[in-house]
J.: 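One structure, as structure tokens, below. Some questions next.
Numbers restart at 1 for each chain; the letters A, B, ... are given by sequence-line order, proteins then strands.
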Amino acid sequence: MTEQRPLLEVTDLVKHYAVRGGVLRRQVGTVHAVDGVSFALSAGETLGLVGESGCGKSTVARTVLRLVEPTSGAIKLDGEDIAPLSKTALRPYRRSMQIVFQDPFASLNPRMTAGDIVGEPLSVHGIATGAKKQERVAELFQQVGLRPDQMKNFPHQFSGGQRQRICIARALSLGPRLIVCDEPVSALDVSIQAQVINLLIDLQRKQNFSYLFIAHDLAVVAHISHRVAVMYLGRIVEIADKHELFANPRHPYTQALLASVPIADPKARRTAPLIDGDVPSPINPPSGCAFHTRCRYAMDRCKTERPALQAAGTAHQVACWLNDGTGRSE
Amino acid sequence: MSEAIPAETVLDVRNLQTVFFTNSGLFRAVDNVSFSVRRGETLAIVGESGCGKSVSALSIMRLVPDPPGRIVGGSVTLEGTDLLKLDDAAMRGIRGNRISMIFQEPMTSLNPVMRIGDQIIEAVRLHQKVSSKEAWKQAVDMLRLVRIPEPERRAQEYPHQLSGGMRQRAMIAMALACRPALLIADEPTTALDVTIQAQILALIVDLQQRLGTGLILITHDLGVVAQTAQRVIVMYAGKKVEEATVEALFETPLHPYTSGLMASMPAVIALGAESDARLNEIPGMVPSLTNLPPGCAFAPRCKLAIDRCRQEYPPLSEVKPNHWAACWRAGEIAGAS
Ligand SMILES: Nc1ncnc2c1ncn2[C@@H]1O[C@H](COP(=O)(O)OP(=O)(O)O)[C@@H](O)[C@H]1O
Ligand SMILES: Nc1ncnc2c1ncn2[C@@H]1O[C@H](COP(=O)(O)OP(=O)(O)O)[C@@H](O)[C@H]1O
Ligand code: SF4
Ligand code: SF4
Ligand SMILES: [Mg+2]
Ligand SMILES: [Mg+2]
């Protein structure tokens, strides 16, 4: 990766949702779904986004694609901030950014043939019609491991893994530079998961696009990503090169998360889980470091001051007072 | 099939056969499956979706929806009694009392308009004659046992007021309230985040060992199996294809499906692996039970398949001591390892 300018650069992204209550539907609170997230993604690179449900992964994904309007922050694609663009001004950028969702069934129109589903973006963007479109769709089918004769079939005639291939073919149709994958294999069986992960890896090798890859399964993320960002309550608490993050996790939350993954080796049995309790509500997130209510290293300072993401070694950033030079996490 | 059942065995399932009658014909969701569970032991049942894990559990509980399903053969012996021979009233006396079950989604078995404490009381008083005051105290004690903070207050709350992890704890409290001999947990942590999963699994295993309950843990996650079980059975397309102690299974899987599953799992700790290393995939997909191939159901996906596999179903055999596999080539696999 010799690129100087990242393909995608997100700075201080914030997305708040109003919580309304009472007969007058007055705002009674704010969901801090995404609370100041920054990261960059190079061409051909995969950034994994992990964290427990509700920590804001999908909201990051959707705001980056402008499927959800950000409250504030910049989203630069190739150096151009797309956050303030109008719908029309955004149109040319839409082609470059695609999304693949978790549930391959819910995201496919049951009354359209698989071929029409994959070819639709081509007609919508006026890129190809008629025989030329059919040809391109057949090519896309082959790229994702489906047979062109399956173009005439309807979604219910495909298995879960094949449906996800249809979604991937559709995402590829416009030659995107960024594909956001929001839990793309979470609904699939292990043996099918491996097939889809391999497909995603093969496609990236050939076409050099970038993935923003979200999954709650750390092993899947660890496998496919080059770099990984860990989110907790709307913020990135640690981001690093994949190997570095898994070998040397610095944030107590990352450590607890890794230690919770059940390892498929009976000789590596664990005894006590590292953290107790549930993730607090994002409506009134804890002050200071949002993790302080569950952190076994929490100090007074953690309750009042919010630690910023700071460099902790090469290609490794962490938001924790333990990495402030005053202490060390084990 | 006349071997004596060892005394400490709480559950012995022999040649269980459960079928479904559907528009596309009859299919065998559970096909001649046998296993047993001892006191205080955890038996994991692992396999991908549709292989018959839940139907096995529902068969033990006698909760298979009929129609379209029916148990057509075998025996389910709990503490010496064949449950398949009991009438409905006798079975109601067993369920929730001698065997309990917890599900993936606690909300499906919790009553949304009833306080948590009252639901536990109901579970207790169905089987035990206790005063309402005593029952409430037991309910609070159960919530404390499953480590729900402030159990007195939580007992007064409704299910929607609890987080997913707390609801699963409440389910466990309810399931264990009558101190059953057997607990069946069907994907109890699949819907939970990984940190909560670790807490719930640790809780289930701790309580099960302290109370001496036999546990059947159903999961699709080999990591969960390795972390919790003593013995494992692997199912594929309605059949048991392998059974072993957890150590033996992970050390030397003897069925190609089991080793395929293990190889297709990405590992967090495989740090040496390149970012874009391909995973070993099992080609193809799980066959539809209505359209099973003759011979070994795994043959269309198996790298080791030989002609015989496509013609004759391989019987389950004890390839190594206490290690069974249903594969024509398991002997060779065991020899090569
Ligand atoms: N449209 C919405 N309105 C209100 N709150 C929302 C909305 N979408 C998401 N949220 C909240 O924002 C938080 C982050 O959600 P999400 O991004 O979906 O998390 P994740 O994908 O990590 O599970 C959650 O608390 C969620 O309930
Ligand atoms: N109520 C039902 N009606 C028809 N088929 C069913 C029913 N319940 C389960 N099955 C079928 O029985 C087979 C085994 O299902 P199940 O035991 O639920 O699998 P799993 O291993 O995922 O728990 C599947 O093919 C499933 O479709
Ligand atoms: S800043 Fe404090 S509370 Fe937050 S993770 Fe670090 S030590 Fe724990
Ligand atoms: S019996 Fe044959 S096809 Fe079946 S698992 Fe064994 S080697 Fe493979
Ligand atoms: Mg999400
Ligand atoms: Mg099931």
Side-chain angles (χ1 to χ4, degrees), chain A residues 45-46 50-55 159-162 188-198 201-202 204-205 216-227 241-243 246-247 253 256-279 294, chain B residues 47-50 147 149 163-166 189 191-203 219-230 245-247 249-251 257 260-273 275-286 301:
Chain A
E45 186 188 34
T46 300
V50 298
E52 290 171 283
S53 46
C55 71
S159 69
Q162 289 175 325
L188 305 176
D189 272 318
V190 181
S191 69
I192 309 301
Q193 239 182 33
Q195 297 172 1
V196 173
I197 292 170
N198 283 343
I201 290 173
D202 291 346
Q204 184 180 48
R205 276 190 197 159
H216 65 270
D217 184 334
L218 275 119
V220 167
V221 170
H223 186 84
I224 200 168
S225 305
H226 301 98
R227 276 188 309 136
D241 170 75
K242 181 253 295 273
H243 295 275
F246 289 96
Y253 177 64
L257 205 57
L258 292 181
S260 304
V261 178
I263 296 175
D265 178 0
K267 285 185 258 134
R269 278 211 187 175
R270 285 202 217 82
T271 44
L274 273 187
I275 36 173
D276 275 336
D278 291 305
V279 181
R294 301 168 83 196
Chain B
E48 293 178 291
S49 49
R147 288 178 228 134
S163 68
M166 285 300 158
T189 58
L192 301 175
D193 277 311
V194 58
T195 60
I196 311 298
Q197 162 167 287
Q199 296 170 14
I200 297 291
L201 288 176
L203 176 73
T219 177
H220 64 277
D221 186 337
L222 284 166
V224 169
V225 174
Q227 290 292 320
T228 54
Q230 277 92 50
T245 63
V246 46
E247 291 80 13
L249 190 91
F250 284 88
E251 183 79 36
Y257 173 62
L261 268 187
M262 288 177 182
S264 62
M265 281 176 57
V268 182
I269 45 170
L271 287 169
S275 299
D276 48 4
R278 302 180 95 254
L279 292 165
N280 288 305
E281 40 184 86
I282 303 179
M285 50 190 155
V286 178
R301 309 175 74 189

J.: Among side-chain atoms of A:Ser191 and B:Glu48, is any donor-acceptor pair under 3.5 angstrom?
T.: yes
J.: Applying salt bridge (Lys or Arg N to Asp or Glu O under 4.0 Å), run through A:Asp276 and B:Arg147 and close with a yes or a no.
T.: CA-CA 10 Å; A:Asp276 275 336; B:Arg147 288 178 228 134; over 6 Å; no
J.: For A:Arg294, which atoms come within 4.5 Å of any heavy atom of chain B: side chain, backbone, both, or neither?
T.: side chain
J.: Would a 4.5 Å heavy-atom cut-off, applied to side chains only, mark B:Met285 and A:Gln195 as touching?
T.: no
J.: B:Ser49 and side chain to side chain contact (heavy atoms under 4.5 Å, CB included): which single residue from A:Leu188, A:Asp189, A:Ile192, A:Val190 fits?
T.: A:Asp189
J.: Specify the closest pair of heavy atoms between B:Asp221 and A:Pro262, including all atoms of both residues, with the distance to one decimal.
T.: OD2-CG, 4.1 Å
J.: As a quick check of understanding, evaluate salt bridge (Lys or Arg N to Asp or Glu O under 4.0 Å) for A:Lys267 and B:Glu247, giving each step before the final call.
T.: CA-CA 8 Å; A:Lys267 285 185 258 134; B:Glu247 291 80 13; over 6 Å; no
J.: Please determine, among B:Leu192, B:Leu201, B:Thr228, the option with the most heavy-atom pairs under 4.5 Å with chain A.
T.: B:Thr228
J.: With a 4.5 angstrom heavy-atom cut-off, which part of B:Pro149 approaches chain A: side chain, backbone, both or neither?
T.: neither
J.: Could you tell me which portion of A:Leu257 (side chain, backbone, both or neither) has an atom closer than 4.5 angstrom to a non-hydrogen atom of chain B?
T.: both
J.: Measure across A:Arg269 and B:Ala226 and return the closest heavy-atom pair with its distance rounded to 0.1 Å.
T.: NE-O, 2.8 Å
J.: Between B:Val194, B:Thr195, B:Ile282, who has the most heavy-atom pairs with chain A when the cutoff is under 4.5 Å?
T.: B:Thr195
J.: Just so I know, are the side chains of A:Arg205 and B:Arg278 near enough to count as touching, which here means a heavy-atom distance under 4.5 Å?
T.: yes
J.: So, using side chain to side chain contact (heavy atoms under 4.5 Å, CB included) as the criterion, who are the partners of B:Met262 when residues are at least two apart?
T.: B:Leu222, B:Leu249, B:Phe250, B:Pro253, B:Thr258
J.: What is the minimum heavy-atom distance between B:Pro266 and A:Ala219, and which atoms define it?
T.: O-CB, 3.3 Å
J.: Do the side chain of A:Asn198 and the main chain of B:Leu279 share a donor and acceptor less than 3.5 angstrom apart?
T.: yes
J.: Work out which heavy atom in A:Gly277 is nearest to a heavy atom in B:Gln199; give both atom names and the distance.
T.: O-NE2, 3.2 Å
J.: Any idea which heavy atoms bring B:Gln227 and A:Asp265 closest together, and the distance?
T.: NE2-O, 4.1 Å
J.: Can a donor-acceptor pair be found between the side chains of B:Ser264 and A:Gln193 at a distance below 3.5 Å?
T.: no
J.: How long is the gap from SG on A:Cys55 to CG on B:Asp193, to the nearest 0.5 Å?
T.: 8.0 Å
J.: For A:Glu52 and B:Ile196, run side-chain contact (heavy atoms from CB on, under 4.5 Å): C-alpha distance rounded to whole Å, both residues' side-chain angles, the deciding distance at 0.1 Å, then the answer.
T.: CA-CA 9 Å; A:Glu52 290 171 283; B:Ile196 311 298; 4.2 Å; yes
